[in-house]
Amino acid sequence: MSVRSIEDRIKDELTALCMGIGISDPQVLLEIPRQKGHGEYSCNVAMRSAKQAGMIPRDLADQLAADFPTSSDGVKAVEVAGPGFLNFILSKVYFHNLLKEIASDTLSFASSDEGHGKRWIFEFVSANPTGPLNVVSARAASIGDTLVKVFRKRGYDARSEYYVNDRGNQIKLLGASVRAIFDKTEIPENGYHGEYLKGIATQISDADLQENNVVAGQKVATMLLDINKELLDVFGVGFNNWFTESSLYKESKPEDVINMLTQSELVYEKSDALFFKASEYGDNEDRVLRKSDGDFTYIVPDIAYHLDKRERGFDKAVTLLGPDHHGQSISMKAAMKALGLPDDFYHPIIVQQVNLKRDGKEVKMSKRAGVGIMMDELIEEVGVDAARFFFLMRSISSHLDFDMDVAKQHTDENPVYYVQYAHARINQIFKMAESRGIELDIDTDLGILSTEEELDLLRTMTRFPWTLGAIVRAIDPHLLTTYLIELARSFHYFYAKQRVVGDEVELSKARLVLCKGVANILKEGLNLMGVSAPEVM
RNA sequence: GCCCCCGUAGCUCAGUAGGAUAGAGCGACUGAUUCCUAAUCAGUAGGUCACGUGUUCGAAUCACGUCGGGGGUACCA
């Protein structure tokens with residue numbers, strides 16, 4: 001028995017009851033009420049369906065409540081409240097059974113098959129290999145990695161991918177820039193000036209540099225990519241696949257895109273350039289595919305790349321983009337539409353900017369000029385745990401104020417430590433219990449757990465699967481931080497009020513199981529975020 | 001100009017598929033440690049959910065408009 005299944009059971013039962021009354025398509029959605037007195041779940045179906053049933057909401061609700069089957073280990077009671085809400089109150093036995101499951105098995109609890117094995121590809125970071133990763137890339141790495149983990153837990157076949165722009169104009173410029181540094185001549189216009197290139201320039205062979213700018217650029221790009229891979233690795237973010245732009249060219253995929261678009265009469269020539277009629281598909285203006293100098297713009301391989309994702313059998317392509325790429329996502333949407341792909345296949349998400357703050361002031365950053373805080377410096381300063389947690393604290397679409405002073409603090413102001421401390425505290429409790437000769441026993445009688453603090457804690461625990469479901473619906477992981485902070489709070493409150501390891505052995509044993517359950521969820525939640533769950537702090 | 005994001009307590013923000021009396025943390029003030037870690041807990045104060053109109057049984061949430069803040073807007077990627 002799991003939370004998921006009781007939700008489903010309530011939904012099924014209500015749907016059947018509604019249909020019995022003659023409501024043809026009842027919209028039964030359960031929600032978790034904000035108010036504590038409103039039960040574990042509530043449902044507004046009586047208000048929604050009253051008209052169709054020819055009844056007033058309150059009466060319909062009364063009838064549904066009266067007909068709903070209750071049980072001693074599930075829904076204990078159904079109450080009607082307000083304009084016609086149905087509030088479902090679960091029995092203590094239900095909570096006690098569920099706790100047993102959580103405390104004994106970390107992995108299956110909160111897992112679900114709601115994704116039905118659908119294949120989703122999550123592309124993120126995908127920063128050009130022309131310099132160090134910035135903090136928006138770090139934010140995207142945190143978000144993408146956590147999304148993939150949560151989606152897998154919820155029954156999706158989720159894959160992560162990094163798209164490497166390893167050719168084109170920028171690579172040429174990169175080569176020219178390094179060559180200029182090496183030759184001590186002027187760096188070309190729009191070239192790369194960063195300090196990091198000086199170190200690279202000394203590591204690259206003369207022969208490679210002399211070859212030509214493209215070869216030199218590719219060499220440098222490979223080195224920079226390796227540095228970034230290593231950093232992402234330190235950050236705990238790996239990718240299932242690194243997809244290079246150059247591989248598309250090896251199979252002439254960009255040319256194929258041009259042919260497809262031409263055959264479908266979606267292009268036209270103007271002043272020696274080839275345009276895609278993007279404005280007919282929702283873009284602001286038509287977009288250049290092939291420049292007057294004969295080269296493709298980035299759009300062409302990008303389209304080829306997304307067609308490739310489709311060919312590889314993915315149902316949905318989630319792409320996390322930086323705030324400076326949102327124009328690009330609109331063009332891509334237009335291209336997908338023009339080529340007849342399903343509307344919801346390409347799902348771009350703009351990861352909004354990060355404002356770093358220190359001493360109450362904003363720390364400015366700029367990639368090209370090589371000043372400001374880069375991802376590696378941030379990690380060095382605040383640590384991986386704080387960085388990953390902080391990056392997940394706001395919704396993806398919100399600008400994020402990242403207070404580096406708070407992230408570094410080892411105090412209650414810092415939510416990372418607040419959550420981690422709850423986990424460490426529980427471990428200390430187990431150590432104390434062990435020293436008193438009390439062992440964790442999952443099968444101990446949990447019926448003894450009945451104080452308000454204990455039940456609150458149990459209620460909060462049951463919301464974990466629901467939270468993961470909400471993350472999937474929103475394709476946004478920030479709810480996880482909110483939830484874990486709340487669970488930690490609920491635990492600290494319980495801890496302050498009630499002693500776990502006390503004189504009554506049976507009570508102590510039951511409370512140990514409760515603690516074990518909390519620790520399991522904290523650990524699993526932190527793990528999904530790539531944040532450590534320390535046993536001692 | 002056009003596009004995207006944001007506007008909720010002094011500050012940073014939650015508010016889940018439109019639900020019931022809008023919530024946390026920080027800061028401020030008051031208190032708690034014979035007892036498993038005080039990296040903790042309790043209490044007090046603090047609100048025209050930017051503004052307007054609409055949609056409906058019901059709007060912080062949806063639509064349209066206005067104002068304010070931020071970002072973007074290449075034949076670069």
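In this structure, the nucleotide among rC36(B), rA39(B), rC13(B) sitting nearest to the side chain of Gln428(A) is rC36(B). Taking every side-chain heavy atom of Arg425(A) into account, rA38(B) is the closest of rA38(B), rC36(B), rA42(B). When distances run from any side-chain atom of Ala81(A) to the nucleotides rA77(B), rA20(B), rC36(B), the shortest one goes to rA20(B). Candidate nucleotides rU12(B), rC36(B), rU21(B) were compared by shortest atom distance to the side chain of Ile429(A), and rC36(B) ranks first. Closest approach to the Phe275(A) side chain among rG19(B), rA39(B), rC75(B) is made by rC75(B) (side chain taken as heavy atoms from C-beta onward). Between rC75(B), rA77(B), rA17(B), one nucleotide has an atom nearer to the side chain of Glu245(A) than all others, and that is rA77(B).
Both cation-pi conditions hold for Arg425(A) and Tyr495(A): the charged atom is under 6.0 angstrom from the six-membered ring centre and inside a 45 degree cone around its axis.
Residue-level contact check: His478(A) touches the backbone only, with heavy atoms under 4.0 Å from sugar-phosphate atoms and none from bases. Residue Thr482(A) is in sugar-phosphate contact alone, with no base atom involved, counting any heavy-atom pair closer than 4.0 Å across all strands shown. Heavy atoms of Tyr418(A) sit under 4.0 angstrom from primed sugar atoms or phosphate atoms, though from no base atom. Counting any heavy atom pair closer than 4.0 Å across all strands shown, Asp286(A) reaches no nucleic acid atom. Contact annotation for Arg34(A): base contact, defined as any heavy-atom pair under 4.0 Å involving a base atom. Across all strands, Asn44(A) comes closer than 4.0 Å to base atoms (heavy-atom distances). Val406(A) comes within 4.0 angstrom of no nucleic acid atom, judged by non-hydrogen atoms across all strands. Across all strands, Glu434(A) comes closer than 4.0 Å to no nucleic acid atom at all (heavy-atom distances).
Dashed line: the shortest gap from a side-chain N or O of Tyr495(A) to OP1 or OP2 of rA38(B) is under 4.0 Å. Of the side-chain N and O atoms in Gln328(A), none sit less than 4.0 angstrom from OP1 or OP2 of rG72(B). Dashed line: the shortest gap from a side-chain N or O of Lys51(A) to OP1 or OP2 of rC57(B) is under 4.0 Å.
Using a 4.5 Å heavy-atom threshold, the side chains of Val318(A) and Glu123(A) count as separate. Using a 4.5 Å cut-off on side-chain heavy atoms (C-beta onward), Asp302(A) and Tyr163(A) make contact.
In this structure, the salt bridge (charged side-chain N to carboxylate O under 4.0 Å, His left out) partners of Asp441(A), at least two apart in sequence or on a different chain, are Lys509(A). Tyr418(A) pairs by the ring pair (Phe, Tyr, Trp, His ring centres under 6.0 Å) definition with His492(A), not counting sequence neighbours. Looking at residues two or more places apart in sequence or on another chain, you find no ring pair (Phe, Tyr, Trp, His ring centres under 6.0 Å) involving Phe296(A). Remark: Asp59(A) engages no residue in a salt bridge (charged side-chain N to carboxylate O under 4.0 Å, His left out) (not counting sequence neighbours). With sequence neighbours left out, the salt bridge (charged side-chain N to carboxylate O under 4.0 Å, His left out) criterion links Arg459(A) to Glu40(A), Glu452(A), Asp456(A). By the side-chain contact (heavy atoms from CB on, under 4.5 Å) test, Met432(A) is found to be paired with Ser435(A), Arg436(A), Val501(A), residues two or more places apart in sequence or in another chain being considered. In this structure Tyr268(A) satisfies the ring pair (Phe, Tyr, Trp, His ring centres under 6.0 Å) test together with Phe275(A), sequence neighbours excluded. Not counting sequence neighbours, Asp403(A) has no partner by the salt bridge (charged side-chain N to carboxylate O under 4.0 Å, His left out) test. Qualifying ring pair (Phe, Tyr, Trp, His ring centres under 6.0 Å) partners for Phe85(A), counting only residues two or more places apart in sequence or in other chains: none.
Stem analysis of RNA chain B (Watson-Crick or G-U pairs, both distances under 3.5 Å, runs of at least three) returns B:1-7 with B:67-73, B:10-13 with B:23-26, B:28-32 with B:40-44, B:50-54 with B:62-66.
Remark: Glu535(A) does not engage Lys431(A) in a salt bridge, criterion side-chain N to carboxylate O under 4.0 Å.
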Quick test: give all pairs of protein nitrogen or oxygen and nucleotides 1-10 of chain B nitrogen or oxygen below 3.5 Å, distance rounded to 0.1 Å.
from: rC2(B); atom 1: O2'; to: Asn284(A); atom 2: ND2; distance (Å): 3.4
from: rC3(B); atom 1: O2'; to: His326(A); atom 2: NE2; distance (Å): 3.2
from: rC3(B); atom 1: O2; to: His326(A); atom 2: NE2; distance (Å): 3.0
from: rC5(B); atom 1: O4'; to: Gln352(A); atom 2: NE2; distance (Å): 3.3
from: rC5(B); atom 1: O3'; to: Ser397(A); atom 2: O; distance (Å): 3.4
from: rC5(B); atom 1: O2'; to: Ser397(A); atom 2: O; distance (Å): 2.4

Hey, what are the protein-to-nucleotides 24-27 of chain B N/O distances that come in under 3.5 Å?
from: rA24(B); atom 1: O2'; to: Arg489(A); atom 2: NH1; distance (Å): 3.4
from: rA24(B); atom 1: O2'; to: Arg489(A); atom 2: NH2; distance (Å): 2.4

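Taking the six-membered ring for Trp and the full ring otherwise, Tyr483(A) and Phe464(A) have centroids separated by under 6.0 Å. The six-membered or imidazole ring of Phe243(A) lies near that of Tyr305(A), with a centre-to-centre distance under 6.0 Å.
Between rU55(B) and rA63(B), the two C1' atoms lie 7 Å apart (nearest whole Å). rA9(B) and rA50(B): their P atoms are spaced 8 Å apart (whole Å).
Two residues, Lys291(A) and Leu30(A), neighbour RNA chain B, and the one matched to the more 5' nucleotide by heavy-atom proximity is Leu30(A). Closest-nucleotide positions on RNA chain B for Ile32(A) and Gln353(A) were compared, and the one nearer the 5' end corresponds to Ile32(A).
Counting to the nearest Å, the P atom of rU73(B) and the CG atom of Asp283(A) are 14 Å from each other. Look at OH on Tyr417(A): it is 9 Å from C1' on rA39(B), rounded to the nearest Å. Atom CZ in Arg499(A) sits about 15 Å away from atom C1' in rC41(B), given to the nearest Å. With rounding to whole Å, Leu400(A) atom CG is found 22 Å from rG69(B) atom P. Asp324(A) has its CG atom 12 Å from the P atom of rA74(B), to the nearest Å. The separation between Asp405(A) atom CG and rU12(B) atom P is 15 Å, rounded to whole Å. Following rounding to the nearest Å, Met393(A) (CE) and rA14(B) (P) show an atom-to-atom distance of 10 Å. In this entry the distance linking CG of Asp456(A) with P of rA42(B) reads 12 Å, nearest Å.
Taking only distance into account, the side chain of Ser271(A) meets the base of rC75(B) through a donor-acceptor pair shorter than 3.5 Å. One cannot find a donor-acceptor pair under 3.5 Å joining the base of rC75(B) and the side-chain atoms of Thr297(A). With hydrogens and angles ignored, no donor-acceptor pair under 3.5 angstrom links the side chain of Asp166(A) to the base of rA77(B).
Stacking of the aromatic ring of Phe85(A) onto the base of rA20(B) is found: the ring centres lie under 5.5 Å apart and the planes are inclined by under 30°.
rA17(B) adopts a syn glycosidic conformation, its chi angle falling within 90° of 0.
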